Amino acid sequence: MKKILFAAALAMIGRPVFADCACSNKTNVMFGDEINQFAVYLGKGMGNSMTSKLNGIMMLQYSQPIEFMRRDSRINIQTGISGGEAADTWLFSGMSLDVALLSWNSFYLGAGFGGFIRDKETEFLDSWFTFGEKAFIGYKFENNFGLEFFIQHFSNGNLTDINKGYNFTGLTVTYSF
């Protein structure tokens, strides 16, 4: 029941604060003048005494620019794989929102939040639904490419008994078109 109430509240509150970036005359610091973006995330697991079991994460992302509370943002569709040992490897897909909180020239600092569905339960998370929170710093090159350093956390928000979560750090390469 908590999950349903949470999703309904997000839908009611979130809709008025999103604005289509195409209706404004400015460019988005993460996209430049472009309106589509592909990204590849590569990262390493950290914390929670899981370094021997969890080696890393690889994620693919498609994004479009939006504004969120007058900030340059992007709405993302993501899919990926995380793991090391076969018993602890899991696939996931979901949607998220990234917001550039600060930007100067081609640099930006941001945060993101999303919901994901995983293909199985593990010893660190015993639910298939999980939240993902992210902090990142990036640089947008003139030729449509960008590079970001990210820190990502996955957990289920204490919706189940087991919620140790997963933490990753790594690099992202973006291509806007």
Side-chain angles (χ1 to χ4, degrees), residues 17-18 21 26-85 88-118 122 124-125 130-157 163-177:
V17 297
F18 290 100
C21 195
K26 68 180 205 126
T27 61
N28 184 305
V29 68
M30 294 179 277
F31 290 79
D33 294 327
E34 307 299 338
I35 58 170
N36 297 289
Q37 186 178 82
F38 281 118
V40 176
Y41 288 71
L42 295 172
K44 180 162 178 43
M46 56 184 244
N48 289 351
S49 302
M50 63 182 176
T51 53
S52 63
K53 292 186 177 186
L54 188 68
N55 293 333
I57 188 171
M58 186 186 85
M59 185 166 44
L60 301 175
Q61 173 177 291
Y62 170 75
S63 307
Q64 290 187 341
I66 62 170
E67 288 183 344
F68 179 77
M69 300 182 126
R70 298 188 203 146
R71 296 281 181 209
D72 288 348
S73 305
R74 62 185 172 209
I75 191 87
N76 311 306
I77 298 172
Q78 299 164 300
T79 189
I81 185 168
S82 170
E85 293 180 5
D88 207 34
T89 298
W90 43 278
L91 302 171
F92 62 95
S93 291
M95 292 187 70
S96 65
L97 170 71
D98 294 338
V99 179
L101 302 172
L102 299 171
S103 64
W104 57 101
N105 296 325
S106 295
F107 287 96
Y108 52 92
L109 175 70
F113 178 81
F116 299 88
I117 302 295
R118 300 173 336 117
T122 62
F124 288 96
L125 285 173
T130 184
F131 297 103
E133 301 86 26
K134 174 174 57 174
F136 57 93
I137 185 166
Y139 180 79
K140 177 81 172 106
F141 296 97
E142 294 287 329
N143 60 358
N144 297 13
F145 284 96
L147 189 62
E148 297 177 1
F149 172 78
F150 72 91
I151 298 172
Q152 177 102 35
H153 172 74
F154 290 98
S155 71
N156 63 24
N163 184 36
K164 293 180 184 177
Y166 290 96
N167 301 304
F168 300 96
T169 184
L171 290 175
T172 306
V173 176
T174 65
Y175 176 72
S176 301
F177 57 101

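Quantities reported herein were computed from a predicted structural model and do not represent experimental measurements.
- Side-chain contact between L42 and I57 is absent, with no heavy-atom pair separated by less than 4.5 Å.
- Note that OG of S73 and CG of N28 are 7.0 Å apart. Values are rounded to the nearest 0.5 Å.
- A side-chain N or O of Y62 and one of N36 form a donor-acceptor pair less than 3.5 Å apart.
- With hydrogens and angles left out, the side-chain atoms of Q78 and S96 include a donor and acceptor closer than 3.5 Å.
- With rounding to the nearest 0.5 angstrom, the OG atom of S63 is 3.5 Å from the CG atom of N76.
- Put simply, CG on N167 and CE on M46 are 5.5 Å apart, with the number rounded to the nearest 0.5 Å.
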Trace of the ring pair (Phe, Tyr, Trp, His ring centres under 6.0 Å) decision for F92 with F154: CA-CA 11 Å; F92 62 95; F154 290 98; 5.4 Å; yes
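- Rounding to the nearest 0.5 Å places CG of L91 at 5.0 Å from CD1 of I81.
- Looking at every heavy atom in both residues, Y108 comes nearest to A100 through CB-CB, 4.3 Å.
- Within 6.0 Å of the CG atom in N105, the count of heavy atoms belonging to other residues, nucleotides or ligands does not exceed 12.
- One distance of note links OG of S176 with CD of E34; it measures 6.5 Å at 0.5 Å rounding.
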Before giving the answer on side-chain contact (heavy atoms from CB on, under 4.5 Å), spell out for V40 and F38 the whole-Å C-alpha distance, their side-chain angles and the decisive distance to 0.1 Å. CA-CA 7 Å; V40 176; F38 281 118; over 6 Å; no
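- Listed for the T169 side chain is no donor-acceptor partner under 3.5 Å among the backbone atoms of Q152.
- The shortest distance between side-chain heavy atoms of Y175 and V173 does not fall below 4.5 Å.
- Ion pairing between a basic and an acidic side chain is recognised when a charged N comes within 4.0 Å of a carboxylate O; R74 and E148 show such pairing.
- Closest of all the heavy-atom pairs between I35 and Q64 is O-CG, 3.7 Å.
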Can I get a per-line list of side-chain donor-acceptor pairs under 3.5 Å for residues 130-141, giving both atom names and the distance, sequence neighbours left out?
{"from": "T130", "atom 1": "OG1", "to": "S155", "atom 2": "N", "distance (Å)": "3.2"}
{"from": "T130", "atom 1": "OG1", "to": "S155", "atom 2": "O", "distance (Å)": "2.7"}
{"from": "K134", "atom 1": "NZ", "to": "Y41", "atom 2": "OH", "distance (Å)": "2.7"}
{"from": "K134", "atom 1": "NZ", "to": "D98", "atom 2": "OD1", "distance (Å)": "3.4"}
{"from": "K134", "atom 1": "NZ", "to": "D98", "atom 2": "OD2", "distance (Å)": "3.0"}
{"from": "K140", "atom 1": "NZ", "to": "N144", "atom 2": "O", "distance (Å)": "3.1"}

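- Rounding to the nearest 0.5 angstrom, the gap separating the CD atom in E67 from the CG atom in D72 is 6.5 Å.
- Using bins of under 30°, 30° to 60° and over 60° for the plane-to-plane angle, the ring pair Y166/W90 lands in the tilted bin.
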